[in-house]
> 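I have a structure here, written as structure tokens, and I will follow up with some questions on it.
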Amino acid sequence: MNNQRPIISVSHLTKRFGELEVLRDINFEVHQGEVISLIGPSGTGKSTLLRALNMLEPPTSGEICIDGELITVKGYPLHKMRQKIGMVFQSFNLFEHMTVLENITDAPIHLQHLPEAQAKEDALALLKKVGLVQKAEAYPSELSGGQKQRVAIARALAMHPEVILFDEPTSALDPTMVGEVLSVIRQLAKSGLTMLIVTHEMRFAQDVSSRIFFMNEGRIYEDGKPEQIFEHPVHSATKAFVQRIQKLVYEIDSDDFDYLQIHTGINRFCIKYDLHLGEQAYALVKEMLFTHMRDIRPLTLRMTHAELSGVTSLDFMIENLDHSPLTEAALLAIRPKVKRLIEETTPRGFRVKLLL
Ligand code: ADP
Ligand code: MG
């Protein structure tokens with residue numbers, strides 16, 4: 001299918017930390033232009049695998065070939081390989097004492113011996129690409145998380161790597177800043193750059209990737225195109241993982257509950273999953289908690305979002321009906337109100353349930 005030599009070729013890779021077997025017999029090839037997302041539960045070796053690929057975490061056994069060269073042999077000049085493989089971390093790892101421009105030009109000048117003027121010109125072009133030319137002279141502490149991560153991406157690109165490895169590039173960000181970073185990565189994917197991305201953003205993984213690795217228990221459990229992994233997974237563990245539901249839960253046990261915390265929580269949840277209904281959802285919650293269900297405590301409020309199907313639900317759960325002051329009559333009265341509230345305030349795709 002693909003006759004080109006792979007850029008990355010991994011065979012029988014294992015990694016142990018003492019007794020702990022973190023990577024077990026990993027085998028795969030990556031060809032130029034592939035965008036591979038690594039998904040899976042935490043602790044299954046995704047970061048360790050990325051770190052093994054550029055020998056930040058040397059494997060216990062097995063072989064890694066980069067661009068036709070075996071890098072796992074003793075004495076291989078790692079600086080040579082690291083110029084081919086860029087890495088972007090969750091926590092940005094910028095040099096705080098350097099300006100944005102210096103952060104980007106440092107490696108090209110000192111490792112690739114590029115003339116300073118040339119390195120600066122390249123860096124400015126890259127900053128333009130990530131939308132941050134105006135921040136060239138700023139220090140990292142003056143930037144938002146999303147801006148720092150875009151600088152980190154520009155810094156990785158400055159070495160003209162063959163491959164960039166991203167380890168949860170948006171996990172440390174405020175939800176409002178996730179979008180700007182993902183859009184830079186999308187743009188790189190379109191430009192044909194080869195990338196491996198560890199991510200928990202399922203919808204992003206689904207539409208940016210040419211291939212997905214579902215990792216579980218130190219293995220690549222399932223390797224396939226996004227349609228396979230997300231729509232017709234072969235393994236039940238893959239299915240369970242990709243169909244998981246995001247949850248936001250609040251226990252409300254008295255009248256002086258922290259409604260501001262709920263307000264902020266709902267808004268952040270809606271921004272994170274791109275739901276555009278934070279204010280409506282909160283208005284609904286407020287009306288339910290303060291009016292229709294005012295006398296019902298304790299009460300559990302749950303907001304869920306199934307990323308793949310896109311269904312969002314708000315559930316008001318009354319756990320202990322025996323001890324709640326809610327009578328049959330009150331229930332009968334509440335039901336039509338809930339129904340009306342739903343019809344009046346909820347846009348499509350938004351379900352509200354009263355669970356007893
Ligand atoms: P993931 O990125 O999928 O969440 P990791 O690759 O970070 O998983 O970690 C896999 C396992 O390896 C975890 O159990 C973790 O605690 C362990 N681990 C990772 N790095 C080290 C280390 N340097 N020393 C010991 N154990 C480690
Ligand atoms: Mg990790």
Side-chain angles (χ1 to χ4, degrees), residues 8 10-28 30 34-64 66 71-72 78 81-82 85-94 145-146 148-149 152-153 156 163-175 177-178 181-182 185 195-206 208-209 211-224 226 229-230 233 235-247 272 307:
I8 299 175
V10 172
S11 56
H12 303 299
L13 181 83
T14 68
K15 177 69 184 180
R16 290 172 163 278
F17 290 111
E19 288 293 288
L20 189 67
E21 203 176 6
V22 174
L23 295 176
R24 305 164 193 224
D25 196 26
I26 302 272
N27 298 281
F28 64 90
V30 179
E34 283 196 285
V35 176
I36 301 177
S37 288
L38 282 72
I39 62 169
S42 57
T44 48
K46 303 181 297 297
S47 296
T48 306
L49 177 55
L50 283 200
R51 294 166 63 82
L53 291 180
N54 65 1
M55 298 291 278
L56 281 174
E57 205 65 84
T60 306
S61 65
E63 293 184 340
I64 302 172
I66 303 290
I71 65 162
T72 36
L78 294 178
M81 174 272 295
R82 290 202 181 124
I85 302 190
M87 185 141 181
V88 174
F89 302 88
Q90 182 177 337
S91 51
F92 329 126
N93 295 12
L94 296 179
K148 282 185 201 177
Q149 194 59 300
I153 293 172
V163 182
I164 297 194
L165 311 174
F166 292 87
D167 193 359
E168 296 196 30
T170 60
S171 294
L173 299 177
D174 188 281
M177 294 170 189
V178 169
V181 172
L182 294 185
I185 301 174
M195 304 193 280
L196 270 73
I197 312 167
V198 173
T199 183
H200 289 291
E201 308 280 344
M202 292 299 129
R203 278 207 275 178
F204 167 74
Q206 188 177 28
V208 82
S209 315
R211 220 167 129 199
I212 309 272
F213 293 173
F214 169 63
M215 286 196 64
N216 199 15
E217 296 172 346
R219 295 178 203 280
I220 297 179
Y221 225 72
E222 193 162 341
D223 165 357
I229 302 292
F230 291 111
H235 296 291
S236 56
T238 315
K239 191 170 176 180
F241 182 79
V242 300
Q243 292 187 345
R244 97 206 130 114
I245 288 176
Q246 304 297 341
K247 273 196 202 116
K272 178 146 193 222
E307 278 182 86

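FYI, the numbering just counts along the sequence from 1. Here the structure is a predicted model, which means the values were calculated and not measured. Whatever order the structure lists them in is the order used to number ligands and atoms, beginning at 1.
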> Strictly under 2.8 Å, is any N, O or S atom of Thr48 next to the Mg ion (ligand 2)?
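No N, O or S atom of Thr48 is closer than 2.8 Å to the Mg ion (ligand 2), so no.
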> I'd like to know if the side chain of Gln149 reaches the main chain of Pro169, judged simply by a donor and an acceptor atom lying under 3.5 Å from each other, with no hydrogens or angles considered.
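The answer is yes, because a donor-acceptor pair under 3.5 Å joins these two groups.
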> Under 6.0 Å from the six-membered ring centre of Phe241 and within 45° of its axis: does the NZ or CZ of Arg244 meet both?
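Flagged: Arg244 positioned over aromatic ring of Phe241.
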> Within the distance-only criterion (no hydrogens, no angle test), does the side chain of Arg211 pair as donor or acceptor with the backbone N or O of Glu34 below 3.5 angstrom?
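Not confirmed, Arg211 side chain does not pair with Glu34 backbone.
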> Considering only protein heavy atoms, which is closest to atom 7 (O) of ligand 1, and at what distance to one decimal place?
Ser47 CB, 3.7 Å
> Among all protein non-hydrogen atoms, which one is nearest to atom 12 (O) of ligand 1, and what is the separation to 0.1 Å?
Val22 CG2, 3.2 Å
> Heavy atoms only, cut-off 4.0 Å: how does Thr44 contact ligand 1, side chain, backbone, both, or neither?
both
> Compute the shortest N/O to N/O distance between Gly43 and ligand 1 and return yes if it is under 3.5 Å, no if not.
yes
> What do you think, any protein heavy atom under 4.0 angstrom from atom 26 (N) of ligand 1?
yes
> State, without any angle test, whether Thr14 and Thr60 hold a side-chain donor-acceptor pair at a distance under 3.5 Å.
no
> Hey, does Thr72 have a side-chain heavy atom less than 4.5 Å from the side chain of Met55?
yes
> Treating Glu168 as the side-chain partner and Ile197 as the backbone partner, does any N or O pair qualify as donor plus acceptor under 3.5 Å?
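Side chain of Glu168 to backbone of Ile197: no pair is present.
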> Quick one: do Arg219 and Asp25 make a salt bridge, cutoff under 4.0 Å?
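Result for this pair is no, no salt bridge flagged.
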> Should the proximity of Leu20 to ligand 1, defined as any heavy atom under 4.0 Å, be assigned to the side chain, the backbone, both, or neither?
side chain
> Distance to 0.1 Å, residue and atom name: give those for the protein heavy atom nearest to atom 19 (C) of ligand 1.
Phe17 CE1, 3.5 Å
> Does any N or O of ligand 1 fall below 3.5 Å from an N or O anywhere on Gly45, backbone included?
yes
> Any atoms of ligand 1 less than 4.0 Å from a non-hydrogen atom of Ser42? List them with their elements.
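Result: 4 (O).
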> Considering the heavy atoms of Thr48, write down every atom of ligand 1 situated less than 4.0 Å from one of them.
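Numbered from 1, ligand 1 contributes 5 (P), 6 (O), 9 (O).
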> Do any N/O atoms on Glu57 end up under 3.5 angstrom from N/O atoms on ligand 1?
no
> Verify, without hydrogens or angle tests, whether Lys46 (side chain) and Pro41 (backbone) share a donor-acceptor contact under 3.5 angstrom.
yes
> Check whether Glu222 reaches the backbone of Pro233 with its side chain - one donor and one acceptor, N or O, closer than 3.5 Å.
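Such a contact is absent between Glu222 side chain and Pro233 backbone.
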> Is the shortest distance from atom 10 (C) of ligand 1 to a protein heavy atom below 4.0 Å?
yes
